[in-house]
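Letters go in sequence order (proteins before strands), and every chain restarts at 1.
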2 protein chains.
Amino acid sequence: MDAGTPKFRRRKADRPEEIVSAALAVFAEKGFAAAKLDDIARRAGVSKGAVYLYFETKEDVFRAVVERAILPNLSVVKAMAAAHPGPLADLLRGLAGHIAGVVETTPIGGVLKMVVGEARNFPELARVWHDELIVHALGAMAEAIRNAQARGEVKLGDPRTFALQLISPLLVGVLWRETFVPVGAQPFDLPALMRQHIDTLLGGMLTEGARA
Amino acid sequence: MDAGTPKFRRRKADRPEEIVSAALAVFAEKGFAAAKLDDIARRAGVSKGAVYLYFETKEDVFRAVVERAILPNLSVVKAMAAAHPGPLADLLRGLAGHIAGVVETTPIGGVLKMVVGEARNFPELARVWHDELIVHALGAMAEAIRNAQARGEVKLGDPRTFALQLISPLLVGVLWRETFVPVGAQPFDLPALMRQHIDTLLGGMLTEGARA
DNA sequence: AACTAATAACTGACCAGTCAGTTAGTAACA
DNA sequence: TGTTACTAACTGACTGGTCAGTTATTAGTT
């Protein structure tokens, strides 16, 4: 062949990472079943056969994608777990800003959509996400809320439910962006949404005058 | 053949309904691509060929399922559109109870999961849901909130964002039930969740003492 | 009532296309 | 030159969609 441009490079160390990145893009766009291994391979700059040098099956690739999407977020969980002692309001505002930023700059939204969409076909995947990420995140938030309740900062009520109330608009905002914005829906500004949400949830939605 | 047990019955009028019901169950469980037409047909008590007497393609069946899931909810939208003039708190409490009930007694949760999961592969489906259901529901809520703001009941802030804040926990609760409860997650009591959420969002999460 | 003809709802075997996974062989690098 | 990362052609299983034939049902005739 042409000696000037080799047909391929041997780069064993980098391939898995590249394949997982390509797979993330394709899976997030198409979902598991509709994603073709040929597309993933082409996007990663290798042949389909090469994918099978590094992964056993398509499921195996999918698993790698979903699990990798957890890692960058463990730091967030850890930060939350660092049991911020100050006023809950400060913690929540900082946290919401941080998470909204992560959500806007990483493809975690696409992964979330995948986990929701493929949960029945890959229960163990939903289990990994639940056990390794969600339980910890929700638990840390609930713990912080419980502490705030003990300090008399926060009213009575189920802390886990409070935690869900706090993050729900962000999750819905992400799914909204992934699902409806591509078909013409008016997008939400996620950081602004979370700012208003935290303020409202903390301070109350009704004015003083109308409050029961 | 055996004259006692006929091989099939001719029931043209009932078939489409039965096929759509069967398809709803299979699609909600497997997602679009993983759902086999043979399964849908068997579940509906007919052969695969019979499905094609009533629907053009698999996509066509899917469309019918998703569109039918909109109808029962138009009444809810209408009820909201009946621009409740009284205090916003009453409207929201009644509405939340109603919607939580609908969500608990109908398979709309499964359909929502499908719409989210297959949005990329079926954009026109996401469009239908957005244009015919979500825009109206969100718009009606935003309108009620805007009116309440005009009456001085509610603080300043984007009404559409307020509406999203209000319904988000319900949506997340549904997706939670569909995605994580089957793999062992602790479920949420949706009506209770919404009661606490409405109360909190309306009245404020912080105690009087801690309020900024 | 009983028999027959006509209709259309329905079946199930089949086909054509697709795609996950395999492997024989080639090219890159030591 | 030997080793192996990699390619590209291949296979086999699976499934959406088709259609020739079958059977339930109704209408017509005696």
**Asked** When we call it a touch if two heavy atoms are under 4.0 Å apart, what does B/Tyr54 touch: a base, just sugar-phosphate, or nothing?
**Response** sugar-phosphate
**Request:** Describe the nucleic acid contact of A/Ala35 in one word from base, sugar-phosphate, nothing, applying a heavy-atom distance below 4.0 Å.
**Result:** sugar-phosphate
Atom pair distance, as rounded to whole Å: [atom1] in [X] and [atom2] in [N]:
X       : N      : atom1 : atom2 : result
A/Arg9  : D/dT7  : CZ    : C1'   : 16 Å
A/Glu59 : C/dA20 : CD    : C1'   : 12 Å
A/Lys48 : C/dA20 : NZ    : C1'   : 6 Å
A/Phe8  : D/dC6  : CZ    : C1'   : 4 Å
A/Tyr52 : D/dT11 : OH    : C1'   : 13 Å
A/Lys12 : C/dA27 : NZ    : P     : 21 Å
A/Leu53 : D/dT4  : CG    : P     : 13 Å
B/Arg15 : C/dT11 : CZ    : C1'   : 11 Å

Which nucleotide in the set [options] lies at the smallest distance from any side-chain heavy atom of [X]?
X       : options               : result
A/Arg10 : D/dA5, D/dG17, C/dG21 : D/dA5
A/Ala50 : D/dC6, C/dT11, C/dA20 : D/dC6
B/Ser47 : D/dA24, D/dA8, C/dT11 : C/dT11
B/Val46 : D/dT7, C/dT11, D/dG16 : C/dT11

**Asked** Do A/Arg68 and A/Glu17 meet the salt-bridge criterion of a basic N to acidic O distance under 4.0 Å?
**Response** yes
**Prompt:** Salt bridge or not for B/Asp199 and B/Arg93, using N-O below 4.0 Å?
**Reply:** yes
**Request:** Tell me whether the guanidinium CZ or amine NZ of B/Arg160 lies under 6.0 angstrom from the six-membered ring centre of A/Phe188 and within 45° of its axis.
**Result:** yes
**Item:** Flag if over 12 foreign heavy atoms under 6.0 Å of CG, A/Leu71
**Value:** yes
**Asked** Would the number of heavy atoms belonging to other residues, nucleotides or ligands and lying under 6.0 Å from CD of A/Glu56 be above 12?
**Response** no
